[in-house]
Engineer: 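This is the structure I want to talk about, given as structure tokens.
What you see is a predicted model; the values in this text were computed from it and never measured. Whatever order the structure lists ligands and atoms in, that order sets their numbers, starting from 1. Numbers here simply count residues along the sequence, with the first being 1.
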Amino acid sequence: MTLDQLRTAYIDFFVKRGHVHIPSASLVPENDPTTLFTGSGMQPIVPYLLGAVHPEGERLVNSQRCFRSQDIEDIGDNRHTTFFEMLGNWSLGDYFKREQLSWVFEFLTTVVGIDPAKLYVTVFAGNSDIGVSADERSVGIWKELFSGVGIEAKAVKHAGTKGIQDGRIFYYDDEKNWWSRSGIPAKMPVGEPGGPDSELFYDFGSELRLHETSVFASDPCHVNCDCGRFMEIGNSVFMEFQKTDSGFAPLSQKNVDFGGGLERILAAKHNTPDVFQTDAFAPIIAKLETASGISYTQNSETTRIFRVVADHMRAAVMLAADGVVPGGKGQGYFARRLLRRSVRFAHQSGREIHLSPLLTPVIAQMYATVHPTISEQAKYIQDVLFEEEKKFEKTLEKGLKELEKYETLDAERAFKLYETYGFPFELTQEIARERGQELCEEDFQKAQDAHSQASRSASAGMFKGGLEDDSDTTVAFHTATHLLHAALRQVLGEEVQQKGSNITADRLRFDFSWGHKLTQEEKHAVITQVNDWIDADLPVHHAMQDKAEALKQGALAFFGETYPDTVSVYIIGASPDADWVSKELCGGPHVTSTGQIGHLVLQKEKAVSSGVRRVYLARSG
Ligand code: SER
């Protein structure tokens, strides 16, 4: 079974059970300013888990491209990757535990052909503080399912260092078996949905303790141990609660949110504990082996180097395909770190290899069927990545030499490496760690602040870890999206709704619902209105308001139902109560008055999909 076959088999299985196949969303979330990347399949589904009606119905399935930036420095083991595909099926207030657990078990054991004796599961142990009891319903269903294949499944408290013994179902608390985007119940903001979950693990066998340093190296390990013997391959979240001011309340509907690691299930299918040896990576590794003349399995260090390079280059290509190119801020900074870390690792192999031209065509070919936009843009992707690669190659060796001169590393030196040789701070920090030293990010920022205003604003974007960049231009363009939105609704009609936006240093992009090409007159009227409001230098007011009240007053809200009860509202106009031109629920930031935006021109207008148009605005002159 190949990666493509597994993906198709999963989607077909759930389509046969009444699900609609929805496309993977972009790696860059539209309309979600809280996060830089799509990191799970459920992220784009949140409004519907909270009760909004999904146009495709109550049963959905897909394979979502995901990127987890927090994992960059952890890559190198047998199973973690920054980019991955998450197989997902959802019930939006339709089926619940019985169907979900039975189907996922049937899919894995019958369609994929995994030996059920190799599967172990976990369930929520309950938490009296939040009034949610142990998930005995799931325990009962799992017992029946295992019994159906001749396995007596005992449910036991989590095994800790005692090993799995004769347990098959393990109870864990909310650190492990509660799922929300923000983690445990205590960390969830009011309004956030969450619930108990049931994870599935594949057992590669007790002889496979991958890390000798594991505390379980001499003890039998347990499913949640990190030694590599067990691999989590899927998670059924029973999303039935929402955090409120006074605790947890049932959601208006009981949902299922399943996420399965495509690459990991493939590894389990082939009983190969190393995802890098499945066909999700094999063509990339093979190319690297040929180009370097080094074997992936030569020693543990070459294995690590190959894994880092294969993971990072695949992720960089995927990000570029979704419009993220290496740069100094926001998403682009992560693309830069991937590229520069790959170049440094490849350099350690002692061979001169140009990664982008070598690997972009291979990756495009691997995803030709499922993600053809890579092949369509292959030349462009290769060029932008190669540009970055060459830039860093030029200074890498000098930077490493400089580094060797230092007996100790400090923030000043890390800053010098950053400014002169383009070493991302995290790269220097990683090298210091390899040398047994720890560098403090705050000190680095201070050193940077002390050096120049320009680098101060760059660092703000870099270290916010998940938030949008807040340079003056970005903020001004953000306010301009509100004006544009209001102008479009004024000129075309109130049925116009924002569908997404994207801001770079040079322009803003805005998607909105509208059925046909804008005429010259309409375009002229829209941009004239926007500029008139800019000329009027209208004040931008900010208020925290009761959600229902804000909506009643005509505030626009475009993230479905995801807002908490008290919302942040931006109002543009002479008076926030009576004389305003735009009122939107929004987290900001914004300029304080519209004159700061400067005159804008409408550069381009085109269709994005049926019923959705896109316009680009930039500063004039
Ligand atoms: N949201 C859950 C996860 O990310 C299951 O889809 O694991």
Side-chain angles (χ1 to χ4, degrees), residues 7 10-11 13-14 19 21-22 24-25 27 29 32 34-50 54 58-71 79-97 99-101 103-105 107-108 120-124 135 138 172 174-185 187-189 192-202 223-224 230-243 251 253-265 268 275 466 562:
R7 188 190 300 108
Y10 173 78
I11 288 165
F13 180 90
F14 280 93
H19 293 65
H21 178 198
I22 56 170
S24 168
L27 284 169
D32 184 353
T34 61
T35 177
L36 285 176
F37 297 107
T38 303
S40 66
M42 62 85 78
Q43 220 165 287
I45 311 289
V46 170
Y48 311 104
L49 294 167
L50 284 161
H54 195 287
E58 289 150 3
R59 296 183 181 197
L60 309 172
V61 62
N62 82 357
S63 182
Q64 173 64 48
R65 300 192 300 280
C66 298
F67 178 74
R68 293 201 174 164
S69 55
Q70 62 272 31
D71 290 338
R79 63 200 181 285
H80 284 100
T81 58
T82 54
F83 170 86
F84 60 97
E85 279 182 70
M86 192 182 275
L87 300 175
N89 64 271
W90 293 276
S91 157
L92 304 172
D94 186 355
Y95 59 85
F96 207 45
K97 296 182 182 179
E99 291 87 341
Q100 172 56 25
L101 298 182
W103 284 340
V104 77
F105 191 74
F107 173 71
L108 291 174
Y120 289 79
V121 300
T122 60
V123 293
F124 185 51
D135 189 0
S138 293
Y172 280 88
D174 38 56
E175 289 283 347
K176 293 286 182 199
N177 278 72
W178 176 274
W179 208 91
S180 80
R181 286 178 304 175
S182 356
I184 57 171
K187 288 202 178 145
M188 290 165 65
E192 180 76 5
D197 64 34
S198 183
E199 298 184 336
L200 270 152
F201 293 82
Y202 182 83
V223 290
N224 269 312
F230 290 96
M231 180 148 74
E232 186 200 333
I233 56 172
N235 186 13
S236 300
V237 183
F238 301 114
M239 196 147 294
E240 48 177 323
F241 298 104
Q242 183 170 27
K243 190 150 177 182
L251 275 171
Q253 62 192 33
K254 287 185 174 187
N255 307 299
V256 173
D257 158 33
F258 173 78
L262 174 67
E263 292 88 345
R264 289 181 174 201
I265 296 175
V275 296
T562 52

Engineer: Hey, which residues fall under 4.0 Å of ligand 1 on heavy atoms?
Structural biologist: S40, M42, R68, M86, W179, N235, V237, D257, F258, G259

Engineer: Which residues pass the ring pair (Phe, Tyr, Trp, His ring centres under 6.0 Å) test with F83, sequence neighbours left out?
Structural biologist: none

Engineer: Looking only at atom types and distance, does a side-chain atom of R68 sit under 3.5 Å from a main-chain N or O of G39, one as donor and one as acceptor?
Structural biologist: yes

Engineer: With sequence neighbours left out, write down each residue that passes ring pair (Phe, Tyr, Trp, His ring centres under 6.0 Å) with Y95, or none if nothing qualifies.
Structural biologist: H19, W103

Engineer: Starting from the C-alpha separation in whole Å, work towards a yes-or-no answer on side chain to side chain contact (heavy atoms under 4.5 Å, CB included) for N255 and I45.
Structural biologist: CA-CA 11 Å; N255 307 299; I45 311 289; over 6 Å; no

Engineer: Filter on salt bridge (Lys or Arg N to Asp or Glu O under 4.0 Å), then keep only pairs touching residues 38-47, sequence neighbours left out; what's left?
Structural biologist: none

Engineer: Is any side-chain heavy atom of N89 closer than 4.5 Å to a side-chain heavy atom of Q100?
Structural biologist: yes

